[in-house]
Colleague: 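Starting off with a structure, shown below.
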Amino acid sequence: MIPNVQLNDGTAIPQLGFGTFLVPPEQTAQTVGEALRLGYRHIDTAQGYANEEGVGRAIAESGIPRDEVYVTSKLDNGNHRPDDVRRSFDETLRKLGVERLDLFLIHWPVPMLYDGDYVSTWKAMAELVEGGRLTSVGVSNFEPAHLDRVVGETGVVPAVNQIEAHPYFPNDTARAASHAHGIAVEAWGPLGQGAVLDDPVITKIAEARSRANSQVILRWHIQRGDIVFPKSTHRERMAENLALFDFALSADEVAAIDGLSQGEAGRVGPHPDTFDLH
Ligand code: NAD
């Protein structure tokens, strides 16, 4: 039911998954367990979300074979030094209770830290794939210049770039740069972290189609070809966000949603050039 997106390393990722940012650690096993029961088979977590253990417990308790659940985690900003990449990757595997991770991303480039040397971080990440315990390696919040640098200096092209993208901030610049390198785009905050949900243009399309506003927005992402993993802790909303493959938006509807772009002003998260939380 959920289509796969082919990645440049020959592997495939489910186009729709489940996000876990701000899912409280003590609630994660239960929430992710519910997501797996509903049919999600792709979970997006991060070292910085402090909930990898809950994700791992949910996968173990689900009884679903490991190979049927796609798991992504991300390197925390404080772990950019190569030794910390290796050490914290081991910790991520241990917390998730898995022997192999599907996808590991540099969470933010933090170009103002470590003398701006996210290239050595990237090399250490790529070596994890050679070690066999990681299938795919990618980046997150990389602007065009960051992508050019890691590709130019290492020759290793990230499989994905996970960036903020939604109708208010389609992030076309970073998206186009990713595509130019053959990198698949993952759209984080696909609902604008809630900001886009009640937009009148979205409501009008949703009412005409008897669909939820969230479904209209997420379907727009799907038709753009991006990978999404909306987050909700409510069962009905989780189910709603999964039901995107029995309808399609018309070209006019897509154009109307494209028209909601506010450019840079539509960003809900921090700018990757300056974000340095660690
Ligand atoms: P989102 O756009 O998925 O919005 C989440 C919010 O929307 C929820 O808190 C909920 O209140 C609301 N919502 C969700 N489904 C709904 C529905 N059907 N009806 C009504 N309201 C609904 O924002 P997000 O969680 O920030 O982004 C998705 C995922 O992307 C995260 O969980 C995380 O895995 C990832 N992410 C990555 C980064 C990064 O820097 N790489 C940053 C933020 C998020």
Side-chain angles (χ1 to χ4, degrees), residues 13-25 27-28 31-32 34-35 38 40 42-52 54-55 70-77 96 102-110 138-143 146 158 160-171 174-175 178 183-199 202-203 206 211-222 226-244 260 266-278:
I13 182 172
Q15 191 180 8
L16 177 66
F18 184 72
T20 65
F21 178 47
L22 297 181
V23 178
Q27 195 189 321
T28 301
T31 300
V32 173
E34 192 69 66
L38 285 168
Y40 287 92
H42 166 183
I43 311 294
D44 184 87
T45 182
Q47 294 175 346
Y49 301 169
N51 59 18
E52 288 171 311
V55 171
Y70 193 99
V71 188
T72 300
S73 192
K74 314 185 194 84
L75 182 80
D76 217 357
N77 289 346
L96 286 168
D102 294 282
L103 178 62
F104 196 39
L105 312 178
I106 299 184
H107 204 149
W108 292 86
V110 287
V139 295
S140 177
N141 299 300
F142 270 42
E143 291 289 299
H146 307 137
V160 311
N161 188 14
Q162 183 178 126
I163 52 177
E164 179 181 343
H166 46 79
Y168 287 172
F169 179 59
N171 207 347
R175 225 171 144 257
S178 302
I183 300 169
V185 171
E186 297 190 330
W188 70 250
L191 305 170
Q193 299 188 326
V196 189
L197 272 170
D198 295 325
D199 187 280
I202 303 293
T203 301
R211 287 281 173 171
N213 286 28
S214 60
Q215 292 175 318
V216 169
I217 301 165
L218 294 169
R219 181 68 208 182
W220 173 83
H221 286 282
I222 294 292
D226 289 356
I227 299 152
V228 280
F229 22 82
K231 170 250 165 183
S232 174
T233 50
H234 303 280
R235 192 178 184 280
E236 328 75 64
R237 290 176 174 179
M238 288 157 65
E240 201 166 81
N241 294 347
L242 200 52
L244 305 179
L260 295 177
R267 216 186 253 284
V268 298
H271 195 290
D273 280 342
T274 50
F275 184 66
D276 67 350
L277 187 71
H278 61 286

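One-based numbering, in listed order, for ligands and for the atoms of each. These numbers come from the heavy atoms of this one structure, side chains and all, not from hydrogens, waters or symmetry mates.
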Colleague: For Trp220, what residues pass the side-chain hydrogen bond (donor to acceptor under 3.5 Å, both in side chains) criterion, not counting sequence neighbours?
Modeller: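 Residues passing side-chain hydrogen bond (donor to acceptor under 3.5 Å, both in side chains) with Trp220: Asp258.
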Colleague: Applying side-chain hydrogen bond (donor to acceptor under 3.5 Å, both in side chains), name anything that partners His166, two or more places apart in sequence or on another chain.
Modeller: Glu164
Colleague: Taking side chain as C-beta onward, heavy atoms only, is Phe142 less than 4.5 Å from Ile183?
Modeller: no
Colleague: Can you list the residues that meet the side-chain hydrogen bond (donor to acceptor under 3.5 Å, both in side chains) rule with Tyr49, with sequence neighbours excluded?
Modeller: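 In terms of side-chain hydrogen bond (donor to acceptor under 3.5 Å, both in side chains), with neighbours along the sequence ignored, Tyr49 is linked to Lys74.
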Colleague: So does Val23 get a backbone contact from the side chain of Asn51, meaning a donor-acceptor N/O pair under 3.5 Å?
Modeller: yes
Colleague: Please answer whether the main-chain N or O of Pro190 pairs with a side-chain N or O of His221 as donor and acceptor at a distance below 3.5 Å.
Modeller: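 Judged by distance alone, yes, a pair lies under 3.5 Å.
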Colleague: Can you pull every nitrogen or oxygen pair between ligand 1 and the protein closer than 3.5 angstrom?
Modeller:
{"unit_1": "ligand 1", "atom_1": "2 (O)", "unit_2": "Pro190", "atom_2": "N", "d": "3.2"}
{"unit_1": "ligand 1", "atom_1": "2 (O)", "unit_2": "Leu191", "atom_2": "N", "d": "2.7"}
{"unit_1": "ligand 1", "atom_1": "2 (O)", "unit_2": "Gln193", "atom_2": "N", "d": "3.1"}
{"unit_1": "ligand 1", "atom_1": "3 (O)", "unit_2": "Lys231", "atom_2": "N", "d": "3.2"}
{"unit_1": "ligand 1", "atom_1": "9 (O)", "unit_2": "Lys231", "atom_2": "NZ", "d": "3.3"}
{"unit_1": "ligand 1", "atom_1": "15 (N)", "unit_2": "Asn241", "atom_2": "ND2", "d": "3.0"}
{"unit_1": "ligand 1", "atom_1": "18 (N)", "unit_2": "Ser214", "atom_2": "OG", "d": "3.1"}
{"unit_1": "ligand 1", "atom_1": "18 (N)", "unit_2": "Glu240", "atom_2": "OE1", "d": "2.9"}
{"unit_1": "ligand 1", "atom_1": "18 (N)", "unit_2": "Asn241", "atom_2": "OD1", "d": "2.9"}
{"unit_1": "ligand 1", "atom_1": "26 (O)", "unit_2": "Gln193", "atom_2": "NE2", "d": "2.7"}
{"unit_1": "ligand 1", "atom_1": "27 (O)", "unit_2": "Gly189", "atom_2": "N", "d": "3.1"}
{"unit_1": "ligand 1", "atom_1": "32 (O)", "unit_2": "Thr20", "atom_2": "N", "d": "3.2"}
{"unit_1": "ligand 1", "atom_1": "32 (O)", "unit_2": "Phe21", "atom_2": "N", "d": "3.0"}
{"unit_1": "ligand 1", "atom_1": "34 (O)", "unit_2": "Thr20", "atom_2": "N", "d": "3.4"}
{"unit_1": "ligand 1", "atom_1": "34 (O)", "unit_2": "Asp44", "atom_2": "OD2", "d": "2.6"}
{"unit_1": "ligand 1", "atom_1": "36 (N)", "unit_2": "Tyr49", "atom_2": "OH", "d": "3.4"}
{"unit_1": "ligand 1", "atom_1": "40 (O)", "unit_2": "His107", "atom_2": "NE2", "d": "3.3"}
{"unit_1": "ligand 1", "atom_1": "40 (O)", "unit_2": "Asn141", "atom_2": "ND2", "d": "2.9"}
{"unit_1": "ligand 1", "atom_1": "40 (O)", "unit_2": "Trp188", "atom_2": "NE1", "d": "3.4"}
{"unit_1": "ligand 1", "atom_1": "41 (N)", "unit_2": "Ser140", "atom_2": "OG", "d": "2.8"}
{"unit_1": "ligand 1", "atom_1": "41 (N)", "unit_2": "Gln162", "atom_2": "OE1", "d": "2.9"}

